[in-house]
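Quick caveat, the model's predicted, so the values are computed rather than measured. Protein chains get the first letters and strands the later ones, always in sequence-line order, with residue 1 at the start of each.
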Number of protein chains: 2
Amino acid sequence: MKLGQATIKDIAKALNVSTSTVSRALKDYPGISNETKKKVKDLAEHLNYRPNAVALSLRKSKSNTIGVIIPEVVHFFFSTVISGIEEVAFANGYNVVLCQTNERFSRELSSIETMLDNQIDGLLISYSKETEDFNHFKKLLDLNFPIVFFDRVPEIPNTVNVIVNDFQGAYDATKHLIDQGYKYIAHLAGPKNLTISKKRMEGYLAALTDHNLSINNDWIFHCPEGTKEESLDIIKSLYLKGGILPDGIFASNDIAAAGAMVALKELGYQIPSDIGIVGFSNWQFCSMIDPPLSTIAQPGFKMGEIATTLLLSCISNKNNSDAKGETVVLDTELLIRQSSVK
Amino acid sequence: MKLGQATIKDIAKALNVSTSTVSRALKDYPGISNETKKKVKDLAEHLNYRPNAVALSLRKSKSNTIGVIIPEVVHFFFSTVISGIEEVAFANGYNVVLCQTNERFSRELSSIETMLDNQIDGLLISYSKETEDFNHFKKLLDLNFPIVFFDRVPEIPNTVNVIVNDFQGAYDATKHLIDQGYKYIAHLAGPKNLTISKKRMEGYLAALTDHNLSINNDWIFHCPEGTKEESLDIIKSLYLKGGILPDGIFASNDIAAAGAMVALKELGYQIPSDIGIVGFSNWQFCSMIDPPLSTIAQPGFKMGEIATTLLLSCISNKNNSDAKGETVVLDTELLIRQSSVK
DNA sequence: TTGTACGCGTTATCAG
DNA sequence: CTGATAACGCGTACAA
């Protein structure tokens with residue numbers, strides 16, 4: 001909207017100079033007399049002049065804005081990443097526009113379109129669960145448009161990615177359960193088409209194998225929704241079936257772990273004495289529930305910072321075309337709480 | 001950045017017509033032959049033409065973008081509000097730029113400035129804990145700039161606000177504790193300068209008074225931080241002091257309630273049999289902790305929807321100047337879980 | 001039915 | 001040291 005904001009033109013008119021003079025004076029360009037410079041600056045301050053960012057974008061074909069696309073804000077990990085992104089972006093004079101896809105592919109597509117219409121200089125994205133086709137990314141990458149993927153990264157060559165070591169995190173979690181004496185460990189896995197789900201599953205399997213524990217495919221459950229209810233139902237029906245049952249659960253996310261915990265408690269099991277549980281992400285509630293949930297902490301803030309730093313450097317190096325792909329892998333941390341300590 | 005995107009000019013050149021013809025053809029203006037219209041549209045589609053939103057903003061002095069300022073994304077309530085905002089905004093062709101202040105006044109100021117530089121059409125804001133001076137809002141309001149306040153609203157006449165009935169929510173929570181037989185009810189209050197804190201306190205006090213319970217000022221604690229640790233410390237030191245102690249706690253937010261719960265459990269109290277607890281906001285963890293936490297649910301999504309609807313109508317009615325203030329009050333809902341049921 | 005010219009706010013370039 | 005001009009991409013009043 002129009003705020004009656006003073007423009008460079010207004011200043012020029014008031015001072016009887018040209019707009020170019022005003023522009024130069026304001027930016028301390030060489031070759032402006034101190035006198036006019038002072039006059040201009042004083043008036044600008046007095047009128048509370050602020051350059052119109054839209055006009056600048058148009059003129060310079062650069063908006064100083066980056067787009068961020070995430071699945072959901074109501075998600076501890078992602079909201080932490082956002083904070084990291086904002087910090088670095090603001091510190092470097094960049095603005096952030098944010099869209100959540102609500103895990104829907106169509107929303108992802110339309111968000112990207114809109115952001116491009118608005119001339120964003122680059123894109124940070126963690127794609128939706130529904131996204132199985134990466135052509136919308138490839139098209140942009142072919143045009144040399146700066147994109148950094150974080151957490152959920154596509155299998156496309158030469159992209160710039162920031163991820164956590166999901167394999168290692170899952171391995172650590174599972175090994176920890178094993179070290180605690182749990183021998184029959186089930187896994188609540190994430191959505192099938194996400195690499196993070198696969199890596200976590202692999203870490204889980206590797207830990208079992210490395211410790212000579214057998215793998216039971218009936219104890220690996222996919223949780224496409226990721227809701228508490230989903231895992232609650234899964235675990236309940238598993239334990240109600242009877243037979244040989246797991247004495248440990250590694251869940252690929254905390255919500256699923258919490259659901260499992262509720263289910264087990266309702267069935268009368270004691271945690272951690274009967275069954276040990278470890279989650280993934282370190283949501284705030286982990287330390288609040290009973291027993292407190294052991295989990296794998298992901299450095300979300302740091303991920304946001306790094307992803308943004310990388311993106312900004314992509315943006316400035318866009319000419320030096322030889323853009324090799326790059327994947328930064330951040331370490332996770334096993335947080336041992338009571339849910340897994342016998 | 002420049003994406004090699006086709007412009008209206010490119011189409012015009014390719015078709016040997018003027019840019020105005022192209023412009024008109026694309027928008028189905030009257031007075032364009034069907035023939036050229038078709039040619040233009042076909043080529044536009046073929047080139048994947050999309051209008052440059054920045055140029056449009058400049059031309060029309062309208063960006064179709066609204067700014068949203070909140071204290072923190074990592075906050076269940078606010079992230080829910082964001083979803084509501086996005087829904088309505090997108091449905092009406094508006095974009096959303098988001099900034100979090102991290103509860104800092106300086107960040108609030110700078111975010112607003114930046115957003116104005118980017119020509120946002122209106123602002124949705126829930127201000128920071130540190131904000132005690134509202135001049136930055138007043139200035140904009142005087143210029144007739146569209147602002148809608150939500151949840152945390154300033155005491156300025158004739159503003160447009162969306163809030164929940166904090167008084168009633170707090171009253172319901174406290175009354176519920178009383179109905180359950182708790183007689184000595186403490187209050188963990190929010191930051192002093194927020195109206196929501198005051199209202200919740202008032203609701204708490206009114207419920208006590210209405211039920212002939214005495215008010216004990218030593219049992220009212222302010223929690224400026226709102227962290228778990230803060231309330232944990234407060235409650236621990238209270239109960240370690242001994243003497244007559246509360247048998248009920250109404251916390252003005254769930255995190256504080258959770259902290260209190262941890263403290264009490266560590267001290268060996270049973271919840272809810274010894275002490276009943278009710279929180280405020282209905283974070284996801286409420287149903288996961290043990291015992292599940294009774295709380296007051298706030299309709300965050302709806303608040304976002306309504307606030308945005310109001311803002312958009314402010315934006316379109318900016319001429320019909322007689323803008324009276326308006327405050328929409330949404331109902332809360334008492335969710336009774338085990339933490340408060342004797 | 002179509003084209004010309006201008007302006008939105010800014011800066012880069014070229015002249016003076 | 002300063003000014004005029006063009007351009008970024010688009011829409012529109014006016015002219016033809």
Value in whole Å for how far the P atom of dC8(C) lies from CG of Asp117(B): 19 Å
Listed partners of Lys139(A) passing side-chain hydrogen bond (donor to acceptor under 3.5 Å, both in side chains), at least two apart: none
Side-chain N or O of Ser23(B) closer than 4.0 Å to phosphate OP1/OP2 of dG11(D): yes
Partner residues of His136(B) under the ring-ring contact (aromatic ring centres under 6.0 Å, His included) criterion, sequence neighbours left out: Phe105(B)
Under the side-chain hydrogen bond (donor to acceptor under 3.5 Å, both in side chains) test, residues paired with Arg152(A) that sit two or more places apart: Glu103(A)
Nucleic acid contacts of residues 7-22 of chain B, taken as heavy-atom distances under 4.0 Å to DNA chain D: Thr7(B), Ile8(B), Lys9(B), Ser20(B)
Tyr29(A) side-chain N/O to dA12(C) phosphate OP1/OP2 under 4.0 Å: yes
Whole-Å gap separating C1' (dC8(C)) and CD (Gln5(A)): 15 Å
Nearest-angstrom distance from the residue atom CD1 of Ile32(B) to P of dT2(C): 5 Å
Tyr127(A)-Phe149(A) aromatic ring centre distance below 6.0 Å: no
For Thr80(A), all residues meeting side-chain hydrogen bond (donor to acceptor under 3.5 Å, both in side chains), sequence neighbours excluded: none
Less than 3.5 Å apart, which donor and acceptor atoms pair up between the side chains of residues 64-72 of chain A and the rest of the protein, not counting sequence neighbours?
unit_1	atom_1	unit_2	atom_2	d
Thr65(A)	OG1	Ser63(A)	O	3.1

Between P of dT1(C) and NZ of Lys39(B), the distance in whole Å: 14 Å
Residue whose nearest DNA chain C nucleotide is more 5′ - Ala55(B) or Lys60(A): Ala55(B)
Spacing between Lys62(B) atom NZ and dG9(C) atom P, to the nearest angstrom: 16 Å
Check: Arg24(B) side chain, dG3(C) base, donor-acceptor under 3.5 Å: yes
Check: dG11(D) base within 3.5 Å donor-acceptor of Arg59(B) side chain: yes
Atom-pair distance (NZ on Lys38(A); P on dC1(D)), nearest Å: 17 Å
Nearest-angstrom distance from the residue atom CG of Asn52(B) to P of dC8(C): 18 Å
Check: Ile120(A) main-chain N/O paired with Asn118(A) side-chain donor or acceptor under 3.5 Å: no
Protein-nucleotide distance (Leu58(A), atom CG; dC8(D), atom P), rounded to Å: 9 Å
Sugar-phosphate only, base, or nothing, as touched by Thr36(B) at under 4.0 Å among non-hydrogen atoms: sugar-phosphate
